[in-house]
Amino acid sequence: MNKVKLKIAGTEYLINTEDDVNNMKRLGDELNAKIEAISRHSTFLSTTMAAVMAALEYCEQAKKVSEEAEQLRSELKKRVEAEACSKIELSEARREIERLSRENRQLRIGNSRV
């Protein structure tokens, strides 16, 4: 377990995490910058309100990314299924070519005897 000290919106937090310390610091810095930007843009908001606004923005981003990931999974599944169908069709086409080649050889042998 790693301990990380973060300073967000003027308050220090000691966080216990399994994650990489540097990554957690980057996340803390990003959150701090987001809250500060919201506070500068809307000076009437309290720190708590700015933090809630930041949380809502991150939730919205996470939801969009999750929806995009689901769309990509769905598209990938369709493509994998299409590829599987194509492989089956290719296999069937190869068998048909082989059958027709055998039939063609038999007809040539039969015609050469006539």
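Along the sequence shown, residues are numbered consecutively beginning with 1.
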Query raised in the report: What pairs of residues pass the side chain to side chain donor-acceptor pair (under 3.5 Å) test when at least one of them lies in residues 1-30, not counting sequence neighbours?
Result: E30-Y58

**Report entry** Test salt bridge (Lys or Arg N to Asp or Glu O under 4.0 Å) applied to E92 - qualifying residues, sequence neighbours left out
**Finding:** none

**Report entry** Contacts of type salt bridge (Lys or Arg N to Asp or Glu O under 4.0 Å), residue R105, not counting sequence neighbours
**Finding:** E98

Report task. Mark yes when over 12 heavy atoms from residues, nucleotides or ligands other than M53 sit less than 6.0 Å from its CE; otherwise mark no. Result -> no

Query raised in the report: According to the side chain to side chain donor-acceptor pair (under 3.5 Å) rule, which pairs have a member within residues 40-57, sequence neighbours left out?
Result: K34-E57

Requested in this report: Could you tell me the separation between the CG atom of N104 and the CD1 atom of I109, rounded to the nearest 0.5 Å?
Outcome: 10.0 Å

Requested in this report: For a side-chain hydrogen bond (donor to acceptor under 3.5 Å, both in side chains) with S91, tell me which candidate from R95, R94, K87 qualifies.
Outcome: R95

Query raised in the report: Quick one: side chain to side chain donor-acceptor pair (under 3.5 Å) partners of R102, sequence neighbours excluded?
Result: none

Report task. To the nearest 0.5 angstrom, please state how far the CG atom of L90 sits from the CD1 atom of I97. Result -> 8.0 Å

Query raised in the report: Looking at residues at least two apart in the chain, or sitting in another chain, which of them share a side chain to side chain contact (heavy atoms under 4.5 Å, CB included) with A50?
Result: I35, I38, S39

Query raised in the report: For the hydrophobic clusters of this structure (ILVMFWY residues joined by side-chain heavy atoms under 4.5 Å, transitively), does one cluster hold both I8 and V21?
Result: yes

Query raised in the report: What closest approach, in Å, do L31 and A54 show between heavy atoms, and which atom pair accounts for it?
Result: CD1-CB, 4.2 Å

Query raised in the report: For residues 66-79, which residue pairs qualify under side chain to side chain donor-acceptor pair (under 3.5 Å), counting only residues two or more places apart or in two chains?
Result: K63-E67, E70-R73, E75-R79

Query raised in the report: Residues two or more places apart in sequence or in another chain: which of them pass salt bridge (Lys or Arg N to Asp or Glu O under 4.0 Å) with E103?
Result: R99

